[in-house]
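One structure is given below, encoded as structure tokens.
Here the structure is a predicted model, which is why all the values come from computation and not from measurement. Labels below follow one simple rule: chain letters A, B, ... track the order of the sequence lines, proteins then strands, and each chain is numbered from 1.
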Amino acid sequence: EDQVTQSPEALRLQEGESSSLNCSYTVSGLRGLFWYRQDPGKGPEFLFTLYSAGEEKEKERLKATLTKKESFLHITAPKPEDSATYLCAVHQAWDSSYKLIFGSGTRLLVRP
Amino acid sequence: NAGVTQTPKFRVLKTGQSMTLLCAQDMNHEYMYWYRQDPGMGLRLIHYSVGEGTTAKGEVPDGYNVSRLKKQNFLLGLESAAPSQTSVYFCASWGLLNTEAFFGQGTRLTVV
């Protein structure tokens, strides 16, 4: 069964305390892995797309990496404005279906 | 640039009533998706479409129907609303040449 699992469910950090969020997946025909940020009451906002194992992408304090089984979102020296829910999604293309499947997210709170 | 527009933004229904949620995109995207988001559950795929006139079931399709008569519009219908369908509904669209899916701002539906 196709599955996307994110951990931890919630994470509290002090400002400047670096950490990582995990997204593990078991899907057939992976075409891409996505990270989104979601603020309360809003739709998901795109952060990164990763296509192959070993790929890395960076944006400000965020860095996303991908292996064959999981992806990590590293947050370096976070600030309170980084507080949000971070969602991982996989694009599956198998048997002519093109599903975009999300994990349950990690709620990040960065305290000043 | 309108992007992905969902209407309505808020709605309260009585049990047994019917309604249709509209998702409109102006980017000529092939793929469109309907998700529901409940607390702690992430985004769960209801139905999706890979092109005009085609639809497919996602993870939680029961109680919902969809139609994609025009490429730019994806409609989600509730024939007989139930309290369990109280949720926030998100629509997304994705083009073959894009590296991300674009989301609407969501529809908050309450069934009493």
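- Across Thr85(A), Ile101(A), Thr49(A), Val4(A), the residue that shares the most heavy-atom pairs under 4.5 angstrom with chain B is Thr49(A).
- Under the 3.5 Å distance criterion, the side-chain polar atoms of Ser87(B) are matched with a main-chain donor or acceptor of Gln37(B).
- Interface residue Ala101(B): backbone and side-chain heavy atoms are both found under 4.5 Å from chain A.
- Between Glu15(A) and Pro78(A) there is no side-chain heavy-atom pair separated by less than 4.5 Å.
- Looking at Lys63(A) and Glu56(A), a side-chain N of the basic residue comes within less than 4.0 Å of a carboxylate O on the acidic one, giving a salt bridge.
- Residue Leu45(B) touches chain A through its side chain alone, counting heavy-atom pairs closer than 4.5 Å.
- With a 4.5 angstrom heavy-atom cutoff, Gln6(B) does not touch chain A via any of its atoms.
- Of the two parts of Leu100(A), the backbone and the side chain both hold a non-hydrogen atom closer than 4.5 Å to a non-hydrogen atom of chain B.
- Under 3.5 Å, the side chains of Tyr64(B) and Tyr89(B) contain a donor-acceptor pair of N or O atoms.
- Looking at Phe48(A), there are no atoms closer than 4.5 Å to chain B (heavy atoms on both sides), in backbone or side chain.
- Using a 4.5 Å cut-off between heavy atoms, Lys9(B) makes no contact with chain A at all.
- Side-chain contact between Leu22(B) and Asn73(B) is present, with heavy atoms from C-beta onward closer than 4.5 Å.
- Under 3.5 Å, the side chains of Glu70(A) and Asn22(A) contain a donor-acceptor pair of N or O atoms.
- Looking at Glu45(A), there are no atoms closer than 4.5 Å to chain B (heavy atoms on both sides), in backbone or side chain.
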